[in-house]
Structures are given as C-alpha cells and as structure tokens.
Amino acid sequence: MSPNSNMNFTDLGLVEPLVRAVHEHGYDTPTPIQAQAIPTILSGADLMGGAQTGTGKTAGFTLPMLQRLMAQPAVRDAKGRLPIRALILTPTRELAAQVEESVRVYGKYSKLSSMVMFGGVGMQPQIDKLRRGVDILVATPGRLLDHHQQRTLDLSHVEIFVLDEADRMLDMGFIHDIKKVLAIIPAKKQSLLFSATFSDEIKALADRLLNQPVLIEVARRNSTAELVAQKVHPVPRERKKELLAHLIKSGDWHQVLVFTRMKHGANRLTDYLNDQRISAMAIHGNKSQTARTKALADFKRGELQVLVATDIAARGIDIDQLPHVVNFELPNVPEDYVHRIGRTGRAGATGEAISLVCVDEDIFLRDIEKLIKRSIPREVVPGFEPDPNERAEPIVLGRMTIGVGGTRRNSGGGGGGGRGASPRNGGGGGGSGVRRAGGGGSASSGRASPAAPRSTGGGYGGGGRGRSGR
Ligand code: AMP
C-alpha cells in the first residue's frame, strides 16, 4: 500500500472529528483507494471498488459512511429505538470483527454506535444489544438472516449498504443469503461493493445491487510484493513438518503464520509443533469462535509463536508487519498464494514468505510463478535435500484429485476447463466452484454502467478458473 504523499484526509472532505481519529490512529496520508473512495462515497454515489484487504479499503468506506450518518441524526422509532442505518456484510467472522473495530476506532469522536454480529456465539447477547439500538451493523450473512427470521432485527431503515469482499462471499456459497438480504433492505439506499476480482458473477451481483456506480480499482497487492522476500525450500514430502520446526527453532522465529490447505492438516501440524515445544494453534472453520478469537489475540500479542490457518480462516486477518509467512502446503488456487504472502510485508514493512514444496506440488508452483510473473528462488536447506527418486503423487482435495505427474485431473466432476475446481470440504455439501476473472490494474475511476463496469484491466488475474471455499 503506498499512500498518496501530497494529500491529506481533510483534503478529501472529511470532517474534523474523523480526521482527528484517523490521525490518532497513526495515519496522515490516504492510501489510493481512500483518496478515490472517500469523496465518491461522500457524494452519495454507489461504488464498485476493486480492492482487497491490505489496501486500506476498510477506512476507505468506513470514514465517509460515518460522515454521512453523522450529518443526519437518527430518527428514533415509536419505541424510542435507534434504527440500523448502515449494514456491512462480510464473509468471515474475523473480517466482521475487524471492520467493526475500525468503525469504532474511526468513529471514536462521533456519537454513532456499532455492533458486530456473527454465528457460533449465543443469540441472546446480540438480541439485547439490538434492543438497545445500533446505527451501524457489521454482520456475516447467516446470523443476520437468523435474526431476521426471528424478528429480532429491523433492516427497514438501512441507508448505506456495504458488501465487503464480495468475491469471497460468492466463493463461500453465500449468494442465496446475499439475495435474501437484498430483498429485506430498502431498495433506495447507497450501496458499496468491494471485491478483489470482477468475475461475471460479481458483475451480475453489481448489476442487481448498484445504481450507476463509480468504479474504482487499485493495484492488487501483488504489486507490493516486492517488499516480501519469497523463497521456496524444496523438501521431501514426509519431512515438511521437521523442516518447519527446524526453521522456526534455528531462525528463532516468533509470530509465524503457517498455511495449510485443509483443516485436518492444520490440526495435525499444530499437534506436531506443540510436541516440539513450539507454541502453535490452528484457526479454521471447525474451531469455535471463542477458540479462534483467543488464538488470534494471543498471536497478535506475541504470546503464541505459530498460527496455523487455512485460506478462508485467514481472510481478513489484519496483522501488520508479520515477519514470517510459511506455505506449509502450496494453495491449489494460485491467487491464494498472493493473498497469503500479502500477510507479510504490509504497510511498508519487509517480510519473508517461505514455501515448503514437495514434488507433488510442482504444478501448483508453476501456476503461481505464471501468475506472479516471476520465478521464486529455490533454496535447499542442508539436511533436508529432496530425494531425486521421489515420484509425484496426486493430491486429494475432498472429492478431487490434482497433479498426477504434472497435470491437473478433476475426478470429482464439474470444473470447467479442468482447473482447480475443488469441492468445499468440511462444511457439508459441495459448493459449486465459481469462475473468476482477473481484475486489478492501476488506479482508475469513472462512472460505469453496472452491467459493464469500466475497467482498466491489466493486473495479473488471468482467465476464469474454478475454485471453491475451503
Ligand atoms: P484494509 O485494507 O482495510 O484491511 O487495511 C489494511 C491495513 O492498512 C490496516 O492495518 C489499516 O489499519 C492500515 N491502513 C489503513 N489506512 C491507512 C493509511 N492511510 N495509511 C497507512 N495504513 C493504513
């Protein structure tokens, strides 16, 4: 993220209480998405934002949203309750919690109240809080709809609606929930949609949701990846765990974020590391919310050495200047590699992204290098040399098998083009892979028709390929 050096938040039209809160939080210069999104949203226009986590997009929509709400005091209902005037939908609980925290941080000098709502925790405290009244609600779709069904939530006064990380929402199979939410909020409202990619599905959703949106795109985070030192350690399949423990111990690493493809792999690795006296915890969708929140908090405080995460669970984790990210297994969707390594080297800090790669994963590595348009240096760690006689074995992801002898073979059916359309695992029921089209490119904006938002293209997105939630 490179801030716009000759502009400040006041220039963007923000009022003093918001600028003060932003300054106190340590930011003086808006990032490119903020420089474009803030005046647009203040003007009342709908917006389609091509930006992912790490670009500063949260402040980009939170600040002008707060200002618009501050400008018009809420009208209490007949029972004297505050109506919900802004609704922000996010795909994951972690992201919901972080967005709501930003609302509180930036809205510190406003009188606006906010609340985060997600599943996996009791309904009653949420009902109690809703009764007391909130201006801004940040929610994941499932729990929001539960409340709606139980009539503990009134969304009929929503004036501003934000769909954050829309592509992830679709990947995670939330499209029906999103449609249900759209049906229960007022038709007349300001709508903002953020997505890292603009697939046909996203465009269809934008078409339905947005009214003459302004399209804003900022470079995807791979353009900042220069700050991240990337390295591949080739290693025999069965020795990855040992190598990881060796790297952590010999490098005296603390705060290491480790990615695995699947939940059970995350659990097994965590057990192994703990046996090696390396403190580690896993976060993924099967963990309770309390366990996930605790693991993340301990990790942020530096009390937990290793956090093992799957891609979906890691979405939206906002930890600045993470020194080490390790791909214990390479992702089968190359874009996920970019998301993962974006966890390090954020906000101008340098970081190291290391991938432990066995012979089975050569095909994933090739795809990643094609995507990022560079080859990642290989470095064999003495004592962990790959066995030249080791043969590639297929990688089984749920019902799908990938990568036999350097090819992708989808044994699970479906998967247009035969690329990486993995079924969802663990969540019950196979999610349909959605095709994603590349977006990105450098900053641009302009009025766009919702059906065909103007895009500068570029970037590295590549053609659509199947993918799924994990
Ligand atoms: P986001 O893309 O919203 O997840 O933000 C990514 C990170 O950038 C978060 O840690 C923010 O606190 C931080 N951030 C947001 N705005 C700025 C800014 N103007 N300057 C520096 N960092 C920022």
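For ligands, and for the atoms within them, numbers begin at 1 and follow the listed sequence. For reference, positions follow the sequence shown, starting with 1. Reckoned from all heavy atoms, side chains included, excluding hydrogens, waters and symmetry mates.
At least one N/O-N/O distance between Lys57 and ligand 1 falls below 3.5 Å. Between Pro30 and ligand 1, no N or O atom pair is found at a separation short of 3.5 Å.
Distances from atom 5 (O) of ligand 1 to the heavy atoms of Gly56, Gly26, Ala59 put Gly56 nearest. By heavy-atom distance, the residue among Tyr106, Tyr27, Phe9 lying nearest atom 18 (C) of ligand 1 is Tyr27. Ranked by closest heavy atom to atom 3 (O) of ligand 1, the top entry among Thr62, Asp28, Thr58 is Thr58.
The cationic atom of Lys203 (NZ for Lys, CZ for Arg) does not lie both less than 6.0 Å from the six-membered ring centre of Phe198 and within 45° of the ring axis. With a 6.0 Å cutoff to the six-membered ring centre and a 45° limit on the axis angle, Arg143 does not count as a cation-pi contact of Phe118.
Applying the 6.0 Å contact sphere to CD of Glu16 captures more than 12 heavy atoms from other residues, nucleotides or ligands.
Classification of the His324-Trp253 ring pair by plane angle, with boundaries at 30° and 60°, yields parallel.
Here is the list of ligand 1 atoms found below 4.0 Å of a heavy atom in Thr29: 18 (C), 19 (N), 20 (N). Each of the atoms 17 (C), 18 (C), 19 (N) of ligand 1 lies under 4.0 Å from some heavy atom of Thr31. Near Thr55, meaning under 4.0 Å from any of its heavy atoms, are these atoms of ligand 1: 2 (O).
No donor-acceptor pair closer than 3.5 Å links the side chain of Glu379 to the backbone N or O of His233.
Sequence neighbours left out, the pairs with a member in residues 105-116 that pass salt bridge (charged side-chain N to carboxylate O under 4.0 Å, His left out) are Glu24-Lys108.
Of the heavy atoms in Gln34, only side-chain atoms (C-beta onward) come closer than 4.0 Å to ligand 1. Neither the backbone nor the side chain of Val22 comes within contact range of ligand 1; no heavy atom lies under 4.0 Å.
With sequence neighbours excluded, the residues that form a ring pair (Phe, Tyr, Trp, His ring centres under 6.0 Å) with Phe61 are Phe194.
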